[in-house]
Each structure stands twice: as structure tokens, then as C-alpha cells.
Amino acid sequence: MSSNAGSALNKRFIPLLLLAAIIAALAWIGHGLLFSSFMLYDDEGYVLITLRDFGRHGGLYDLVFSQYGPAFYLGYDALQRLLHFDWTNTVGRWITLCNWLGTAGICALILRRARLGWPLALFG
């Protein structure tokens, strides 16, 4: 392998490694926040109860009162059926953490694809 090929590999590998390190740090911080504190505005129980009830008997807006749209319930019901878990506080918090990390990762990739460079993507 020539030095130019090795240099090109490093130019791609190092930012991805840095991105993985940032996401790991965000995961650690997010885990600490989600599993050690209670937010006053928290509606976690309400959402979990409505997800559970929708999965049991459907009837969104008829049997299950909600302020959220049907896509939210259909998506999470499909995930629950696929992975076979019960709606508990712990499961809800892990899903929230995955959503946070996925959103941060996708935002970084969008910034990178917009040709704004890796430094701004990693900051974003």
C-alpha cells in the first residue's frame, strides 16, 4: 500500500473514530441523566401506559387517549412485537437513549454530507 493510500485511509478513519468516541461519551452522559434523575416535566409514565394499552387492544383515540399521532404508536408497537419486551421505565429510558444517540449521529452525518467538514459535524 502506498503512503497516499494510507494517508487517505487515515483521513477517513480518524474522524470516524473521533465520532465514535463522542457518541460513546454522549451515551455515558445520557445514561447518567436518564437513569439518575427525574425531570419535573416528565411524562414518561403516561407515554408508557398508552404504549402498553395500544399494544394490548389498539383503539387509539377510542380506547387509548393520546396527544401523539398514530405513526408514533405503530412504530413503537412494531418494535415491541419484534423485540418481545414489556413497556417498563427501564425499556423506555433505553429507547430514549438510543433515539438521542441516533439523532446526534444522523445530525453529524448530515452536516458532513453538506460539505461542512468533520470538525463542524463532530461539534454538531
- Message: With a 4.5 Å cut-off on side-chain heavy atoms, are V64 and H57 touching?
- Response: yes
- Item | Remaining members of the apolar cluster that contains W28, side-chain heavy atoms under 4.5 Å | I29
- Message: So L34 and T96, do their side chains get closer than 4.5 Å, heavy atoms only?
- Response: yes
- Hydrophobic cluster identity match, F54 and L83, side-chain contacts under 4.5 Å: yes
- Which distance, rounded to the nearest 0.5 Å, do you find between the CZ of R113 and the CD1 of I106? 13.0 Å
- Dump the intermediate steps for side chain to side chain contact (heavy atoms under 4.5 Å, CB included) on N89 and L48, then the final yes or no. CA-CA 7 Å; N89 290 6; L48 292 172; 3.2 Å; yes
- How about F35 and W94: are their ring centroids closer than 6.0 Å? yes
- Qualifying residues under ring pair (Phe, Tyr, Trp, His ring centres under 6.0 Å), relative to F65, sequence neighbours excluded: none
What side-chain donor-acceptor pairs closer than 3.5 Å can you find for residues 97-104, not counting sequence neighbours?
| residue | atom | partner | partner atom | Å |
| --- | --- | --- | --- | --- |
| N99 | ND2 | Y76 | OH | 2.7 |
| N99 | ND2 | I95 | O | 3.4 |
| T103 | OG1 | N99 | O | 2.8 |

- Item | NE2 on H31 to CG on L26, rounded to 0.5 Å | 14.5 Å
- Query: With the 4.5 Å side-chain cut-off for hydrophobic clustering, are V91 and I49 part of the same group?
  - Reply: no
- Message: Under the rule for side chain to side chain donor-acceptor pair (under 3.5 Å), what residues qualify as partners of Y46, not counting sequence neighbours?
- Response: none
- Task: Provide the full list of salt bridge (charged side-chain N to carboxylate O under 4.0 Å, His left out) pairs with a residue in residues 66-83, sequence neighbours left out, each pair given once.
- Result: D77-R81
- Query: Are side-chain heavy atoms of L63 and D53 found at a separation under 4.5 Å?
  - Reply: no
- Indicate yes or no: at least one non-hydrogen side-chain atom of V47 is less than 4.5 angstrom from one of Y68. yes
- For the residue pair F85 and L79, establish whether any side-chain heavy-atom pair is separated by less than 4.5 Å. yes
- Message: Checking S66 now: which residues fulfil side chain to side chain donor-acceptor pair (under 3.5 Å) with it, not counting sequence neighbours?
- Response: Y73
- Query: Is there a side-chain contact between L51 and Q80, using heavy atoms and a 4.5 Å cut-off?
  - Reply: no
